[in-house]
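Structure first, then comments.
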Amino acid sequence: MNKKSAGTHFILAPIAGVTDAVFRKICAERGAAFAYTEMVSAKALTYKDARTYELLRRYPGEKNTGVQLFGSEPDIIARAIGLLPEGFASIDINMGCPAKKITQNGEGGALMKNVALAAALVRAAVREAGVPVTAKMRLGWDNNMAIDFARTLEDAGAAAVTVHGRTVSQQYGGKADWDAIAEVKRALSIPVIANGDALSPEKANALLKHTGCEGVMIARGALGNPWIFEGANALFRCEAPREIPQAERLETAKAHLFAACEYYGESRAPLILRKHLAWYTKGMKNSAAMRVAFNACVTAGEMVEIIDNCKTNKEHSDIIE
Ligand SMILES: Cc1cc2nc3c(=O)[nH]c(=O)nc-3n(C[C@H](O)[C@H](O)[C@H](O)COP(=O)(O)O)c2cc1C
């Protein structure tokens with residue numbers, strides 16, 4: 001990545017249930033340099049599971065998106081890669097997910113306890129993939145052994161690593177250890193992407209600077225706030241981030257809903273959009289009542305009505321009557 005040009009550093013993280021093609025497009029339009037699918041089961045791909053294949057759908061013209069796979073068997077990872085549709089810019093292997101249903105199968109964060117297997121997965125993926133293979137790791141399982149782990153992945157052929165500055169045992173609690181990420185950056189020759197607690201444009205730039213990494217990956221800070229990329233890019237250019245007016249937030253929420261209707265169909269989209277709409281409206285007047293109302297919506301029309309009422313500053317009590 002070119003450190004001098006703005007707009008190349010801030011990356012949308014893989015987020016299960018969130019980073020579908022619709023949200024990736026919204027973030028790309030607001031300055032995300034790269035994005036990931038949510039984590040996709042390599043095994044389910046080899047079973048030709050239809051819901052899993054849906055996670056691989058891309059929007060027309062989509063570029064700069066990596067697919068994230070999880071698995072624990074090198075041959076299955078390789079077979080899954082052979083089944084991927086064309087067009088993903090890279091393949092990332094999840095080595096950080098702390099969810100028990102994943103780690104109990106030796107997948108995700110459990111790989112932090114098995115560096116030999118993690119390296120074997122990378123080697124198998126590199127042999128099969130025609131694009132760069134990367135890994136998203138944590139600092140360790142319950143203590144920091146990130147440098148040795150990351151070096152082993154580098155030797156196995158990883159083109160880059162993302163380091164989430166927490167152990168798997170920490171899950172999402174406590175503060176991400178930015179010093180530990182910086183140490184990994186200094187120890188490796190391949191690009192390192194820093195991740196953890198870049199919750200605002202200011203923090204994203206601070207993480208970039210603190211670690212000296214090639215990029216910063218943003219997850220929670222982008223929920224309902226795709227403008228975080230625009231703001232981070234502005235700050236990187238030493239410009240003040242733009243204040244995003246409430247009307248623009250609400251218009252984007254509606255555009256997200258309409259795009260989801262096109263993508264998923266009108267019966268599924270409202271269910272999928274409930275959480276997004278709650279995030280877009282968080283912090284606005286009556287946001288708690290709006291969240292309850294969104295969760296009760298069955299149609300997109302009902303959701304639009306709530307958003308439009310919020311735009312005209314109607315009290316929420318008017319809406320639910
Ligand atoms: C709801 C949720 C879902 C996530 N799903 C994934 C995933 O599919 N793959 C992955 O590598 N990380 C996943 N993560 C972890 C994030 O990508 C990221 O590493 C973590 O949230 C720390 O970054 P942040 O402080 O910017 O949120 C998820 C996190 C959250 C909160």
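Side chains included, hydrogens not; waters and symmetry mates left out as well; all remaining heavy atoms used. Ligands are counted one by one from 1 in listed order, and the atoms in each one are counted from 1 as well.
- For the pair R138 and Y172, the cation-pi criterion (under 6.0 Å, within 45° of the ring axis) is fulfilled.
- Looking only at protein heavy atoms, the nearest one to atom 26 (O) of ligand 1 is A219 N, 2.9 Å.
- Shown in contact with A13 at under 4.0 Å from a heavy atom are these atoms of ligand 1, numbered in order with element: 17 (O).
- Remark: R24 is not positioned above the aromatic ring of Y59, lacking an NZ or CZ atom under 6.0 angstrom from the ring centre and at most 45 degrees off the axis.
- Nearest protein heavy-atom contact of atom 2 (C) of ligand 1 is I15 CG2, 3.5 Å.
- When the heavy-atom distances from atom 10 (C) of ligand 1 to K136, M39, R166 are ranked, the shortest goes to K136.
- Ranking the protein heavy atoms by distance from atom 9 (N) of ligand 1 puts Q68 OE1, 2.8 Å first.
- Side-chain contact between R123 and P74 is absent, with no heavy-atom pair separated by less than 4.5 Å.
- The contact set between ligand 1 and D197, taken as ligand atoms under 4.0 Å from a residue heavy atom, comprises 24 (P), 25 (O).
- Atom 19 (O) of ligand 1 has as its closest protein heavy atom N195 OD1, 2.6 Å.
- In this structure, H276 and Y280 have tilted ring planes: the angle between them lies in the 30° to 60° band.
- Protein heavy atom in closest approach to atom 31 (C) of ligand 1: R220 CG, 3.9 Å.
- A tilted orientation is assigned to the rings of H9 and F236, their planes being inclined by 30° to 60°.
- Counting only heavy atoms from C-beta outward, the side chains of T52 and Y47 never approach each other to under 4.5 Å.
- Using a 4.0 angstrom heavy-atom cutoff, G196 counts as in contact with ligand 1.
- The existence of a salt bridge linking E128 and R79 is excluded, since no basic side-chain nitrogen approaches an acidic carboxylate oxygen closer than 4.0 Å.
- Listed for the N233 side chain is a donor-acceptor partner under 3.5 Å among the backbone atoms of G31.
- The nearest protein atom to atom 7 (C) of ligand 1, hydrogens excluded, is given as P14 O, 3.4 Å; this is a heavy-atom distance.
- For E248, the CD atom is densely surrounded, since the number of other residues' heavy atoms within 6.0 Å is greater than 12.
- Distance from atom 4 (C) of ligand 1 to its nearest protein heavy atom, with residue and atom name: A16 N, 3.5 Å.
- The shortest N/O to N/O separation between L199 and ligand 1 does not fall below 3.5 Å.
- Within the 4.0 Å heavy-atom shell around ligand 1 one finds Y172.
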